[in-house]
Amino acid sequence: MVKVSLGKIRNIGLIAHIDAGKTTTTERILFYTGKTYKLGEVDEGTATMDWMIQEKTRGITITSACTTCFWKEYRINIIDTPGHVDFTIEVERSLKVLDGAIVVFCGVGGVEPQSETVWRQADRYGVSRLAYVNKMDREGADFFNTIEMMRKNLGANVAAVQLPYFEDSEFKGVFDLIEEKLIVYKDVLGKEMEIKEVPSKFKDDVDKYRKILLEKLAEADEEFLKIFLDSPNIESFRIKQVIRRLTLKNSFVPVLCGSSLRNKGIQPLLDAIVEFLPSPLDLPPIKGMHPQTQEYEERETDVEAPFCALCFKVATDPYVGKIHYLRVYSGTLSADQLVYNATKRVKERIIKLLRMHANHQEMIERVESGDIAAAVGLRETQTGDTLCDESDPIIIERMHFPEPVLSQAIEPKTKQDQERLTIALKKLEEEDPSFRVNYNSETGQMIISGMGQLHLEIMIDRLLREFNVEANVGQPQVSYRESIRKKVISTGKFVQQTGGKGQYGHVVIEMAPQEVKGQGITIEDRIKGGAIPKEFIPAIKRGILEASRNGIVIGFPVIDVRVTLLDGSYHEVDSSEFSFQMAGAIAFQEGLKKADPIILEPIMEMEIIVPEEYLGQVIGDLNSRRVKIVAISRRANISQIKAYIPLGETFNYATILRSLTQGRGSYTMEPSYYAEVPSNISEKLILGYSPVLSRKI
């Protein structure tokens with residue numbers, strides 16, 4: 001592997017709404033950088049980055065794939081992420097470790113629902129980004145409308161650094177507003193480019209949008225404002241300097257355009273990646289917490305600093321076993337090195353280090369600060385764990401994992417499949433933190449939970465194809481939650497006398513609904529006067545959290561409850577952590593019974609695109625599904641409906657929408673919040689909720 005200085009490394013990801021063209025764009029990047037010698041196509045199942053059989057057959061990206069390529073002496077580590085909301089965990093964990101991102105927008109669809117989601121995720125992790133408006137060859141593509149949508153819907157400070165160039169309504173190239181040049185593509189593969197002066201008939205447009213670009217930069221940067229006011233003729237290198245400076249500060253997003261499928265616009269995009277997006281040296285030191293002192297620490301991006309890395313993904317390879325993807329923040333890591341998992345507080349040995357190219361592996365001897373690689377040999381490490389030197393431990397903040405919203409019962413088809421099913425589900429759960437496996441003791445069933453129907457379908461398909469496990473599965477069921485309406489005081493007492501040392505735990509708690517929804521279970525300690533020794537408080541909290549996993553109405557997890565520890569008592573001999581853990585659990589369960597418990601259902605934010613002539617039928621159907629329509633907008637002959645819909649009303653909606661619109665309608669949705677279930681539906685759930693097994697795989 002070629003040695004590259006830290007300043008010439010770019011760790012980037014491609015993020016977007018589904019079908020905006022992320023994977024196609026990645027395939028072109030690999031082709032023009034010489035990493036591949038043949039253009040892969042998503043629709044033909046030949047895309048390098050979509051290597052899973054499920055990705056090839058469905059034509060969508062399911063798992064984030066890593067690769068490395070070189071452009072003008074720069075190493076670019078790329079993560080291609082899924083666009084479907086069911087696999088949003090892949091975007092989440094990728095953005096956690098990336099320095100920059102290319103947000104791909106469809107020139108026809110503009111800013112779509114998942115575009116907003118990934119943009120907010122990038123905001124949360126402070127990831128610098130470029131915007132790339134793809135599919136400019138498509139009928140109805142509108143570059144300027146997409147930019148306006150970015151300003152309005154995303155609140156982004158954006159401006160074009162390129163304009164699309166058309167000849168006889170055919171997309172042929174781009175105008176470079178910084179250099180004031182025209183780039184025209186001469187061949188089908190897009191390798192032959194001609195850089196020309198801007199034709200006179202387009203000069204006014206180029207001048208107009210170049211001035212808009214300079215004004216946007218001047219508004220965001222005082223230093224550049226002085227230059228802009230002093231002279232209207234600003235050198236291109238100064239413009240690039242300020243774009244880079246503002247992009248690194250996340251106060252400006254340059255917008256480029258192209259058509260990845262038609263092989264136009266990729267080389268200028270690569271130039272923008274190395275010119276505007278950050279290197280590891282441009283980022284602030286990574287922050288973490290010392291596992292013993294609980295004090296915050298920082299690690300500089302330096303090969304001489306103590307080793308520190310975050311495991312952001314776990315995958316299973318049929319030949320080498322588990323592969324752990326690592327982002328190294330400081331120090332160096334070598335093959336056959338002993339490392340310390342500060343999260344689990346165990347030692348691990350790295351057997352091999354790999355440079356990944358989708359599912360292909362290249363052996364490397366070491367990886368340094370600022371780079372991304374994969375490791376083989378780790379046994380206890382999971383997604384989100386921190387690896388470091390044992391002498392200088394640090395724990396990097398874990399990433400956020402979304403809660404599953406859909407469940408299915410699953411059981412092995414034969415006794416021979418029993419063990420294989422358990423092992424396979426454990427591996428899938430390790431790979432995907434948004435996929436959960438639980439055992440329902442009341443029904444004796446194993447329950448799998450995920451982010452949506454497609455997510456669970458993919459997991460079931462993988463069981464059959466990868467692990468050769470046959471199983472019976474139930475119909476998808478909504479993953480409900482439970483909560484409370486009233487504030488109550490509850491007492492939990494756990495007393496056992498067996499003749500010898502007994503058990504004694506006594507705690508009084510207050511339970512109340514959370515004022516702000518979405519906070520889960522919070523626990524505050526207000527016990528005064530040493531009624532309960534401090535060393536038993538963590539055990540009480542554990543007991544409460546354990547009890548919250550199963551509500552008392554239909555057995556789903558309890559959320560949005562504020563618990564305050566008020567009082568209690570202890571026995572000098574018989575009290576123990578176990579007795580107070582049990583007392584906490586009893587107090588919580590008893591409190592639920594008195595606090596007017598309710599069932600909550602997940603509400604999805606939905607966006608439906610339909611031809612205008614079918615708008616009436618679609619709205620009529622939505623009104624029968626407990627839907628709250630919040631906006632209807634029109635563009636050309638297309639209507640866009642934004643609505644909130646209970647997840648339980650969405651099953652098989654794709655088939656119904658196709659029927660209502662003669663196959664011309666489409667929709668996307670993502671989890672938004674939990675709301676109380678209406679009383680008539682709540683009664684039905686209490687009487688008969690059970691994820692019954694009904695079909696086979």
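Residues D302 and S330 bring no donor and acceptor atom of their side chains to less than 3.5 Å of each other. Judged purely by distance below 3.5 Å, without hydrogens or angles, the side chains of Q477 and S407 never pair a donor atom with an acceptor atom. Using modelled atom types, one finds a donor on one side chain and an acceptor on the other under 3.5 Å when comparing T25 with S260. In summary, the side chains of E430 and Q382 do not present any donor paired with an acceptor at a separation below 3.5 Å, with no hydrogens or angles considered.
Separating the SG atom in C69 from the CG atom in L30 is a distance of 5.5 Å, to the nearest 0.5 Å. One finds the CG atom of D123 at 4.5 Å from the CZ atom of R129 (value rounded to the nearest 0.5 Å). Taking CZ of R244 as the start and CG of L277 as the end, the distance is 8.0 Å to the nearest 0.5 Å. To the nearest 0.5 angstrom, I78 atom CD1 is 15.0 Å from M356 atom CE. Taking CG of L326 as the start and CG of L333 as the end, the distance is 7.0 Å to the nearest 0.5 Å. With values rounded to the nearest 0.5 angstrom, S548 atom OG is found 14.5 Å from F556 atom CZ.
Under the 4.5 Å side-chain criterion, counting only non-hydrogen atoms from C-beta, F276 is not in contact with L256. The shortest distance between side-chain heavy atoms of V103 and M150 does not fall below 4.5 Å. Between T301 and L283, the closest side-chain pair of non-hydrogen atoms is not below 4.5 Å. Between L378 and L387, some side-chain heavy-atom pair lies under the 4.5 Å cut-off. Taking the side chain as every heavy atom from C-beta outward, I598 and V677 never approach each other to under 4.5 Å. Residues Q292 and R345 meet the side-chain proximity criterion, which asks for heavy atoms closer than 4.5 Å. In this structure the side chain of K287 never reaches within 4.5 angstrom of the side chain of E397, judged on heavy atoms.
A donor-acceptor pair is defined here as one N or O able to donate and one able to accept, closer than 3.5 Å; no such pair exists between the side chain of D99 and the backbone of P278. T564 places no side-chain N or O within 3.5 Å of a backbone atom of E524 that could act as its donor or acceptor partner. Judged by distance alone, the side chain of R151 and the main-chain N or O of V158 form a donor-acceptor pair under 3.5 Å. Of the possible polar contacts, one joining the Q162 side chain to the C257 backbone as a donor-acceptor pair under 3.5 Å is found. With hydrogens and angles disregarded, no donor-acceptor distance shorter than 3.5 Å links the side chain of R299 to the backbone of I394. Using a distance-only test at 3.5 Å, with no hydrogens or angles considered, a donor-acceptor pair links the side chain of E348 to the main chain of E380. A donor-acceptor pair under 3.5 Å links the side-chain atoms of R327 to the main chain of V97, judged by distance alone. Between the side chain of D560 and the main chain of Q514, no donor-acceptor pair closer than 3.5 Å is present. Without hydrogens or angle criteria, K426 side chain to V437 main chain gives no donor-acceptor distance under 3.5 Å. Between the E649 side chain and the V627 main chain, no donor and acceptor come within less than 3.5 Å of each other.
In plain terms, the two heavy atoms of I243 and P254 that are nearest each other are CG2-CG, 4.0 Å. Across every non-hydrogen atom of L14 and T81, the tightest pair is O-OG1, 2.6 Å. Smallest separation of non-hydrogen atoms from I395 and P291: CD1-CB, 3.8 Å. Here the shortest heavy-atom pairing between G110 and S115 reads O-OG, 4.2 Å. In terms of heavy atoms, G384 sits closest to L310 at O-CD1, 3.6 Å. Nearest heavy-atom pair across V127 and N250 is O-OD1, 3.2 Å.
Note on ring orientation: taking the six-membered ring where Trp is involved, the planes of W119 and F105 are tilted (angle from 30° to 60°).
Residues passing the ring-ring contact (aromatic ring centres under 6.0 Å, His included) test with F224, sequence neighbours excluded: none. Residues that satisfy the salt bridge (charged side-chain N to carboxylate O under 4.0 Å, His left out) test with R562, not counting sequence neighbours, are absent from this structure. Remark: Y296 engages no residue in a ring-ring contact (aromatic ring centres under 6.0 Å, His included) (not counting sequence neighbours). Here K628 pairs with nothing under the salt bridge (charged side-chain N to carboxylate O under 4.0 Å, His left out) rule; sequence neighbours left out. Checked against ring-ring contact (aromatic ring centres under 6.0 Å, His included), Y674 has no partners two or more places apart in sequence or in another chain. Residues passing the side chain to side chain donor-acceptor pair (under 3.5 Å) test with S434 are D432, sequence neighbours excluded.
Each of R10, R75, K8 was evaluated against D371; a single residue qualifies, R75, per the salt bridge (Lys or Arg N to Asp or Glu O under 4.0 Å) test.
Other residues, nucleotides and ligands contribute over 12 non-hydrogen atoms within 6.0 Å of the CD atom of E298. By the 6.0 Å contact criterion, CD on E515 is open, its count of non-hydrogen atoms from other residues, nucleotides or ligands being 12 or less.
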Kindly determine whether Q640 and S633 satisfy side-chain hydrogen bond (donor to acceptor under 3.5 Å, both in side chains), including the steps that lead there. CA-CA 5 Å; Q640 183 182 59; S633 56; 3.2 Å; yes

Please determine whether side chain to side chain contact (heavy atoms under 4.5 Å, CB included) holds for the pair H357 and T68, giving the CA-CA distance in whole Å, both sets of side-chain angles, and the decisive distance to 0.1 Å. CA-CA 7 Å; H357 179 49; T68 300; over 6 Å; no

Begin from the C-alpha positions of K313 and E90 and carry the test salt bridge (charged side-chain N to carboxylate O under 4.0 Å, His left out) through to its verdict. CA-CA 9 Å; K313 179 181 171 72; E90 296 290 338; 3.4 Å; yes

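Here D19 pairs with K135 in a salt bridge; the nearest charged N to carboxylate O distance falls below 4.0 Å.
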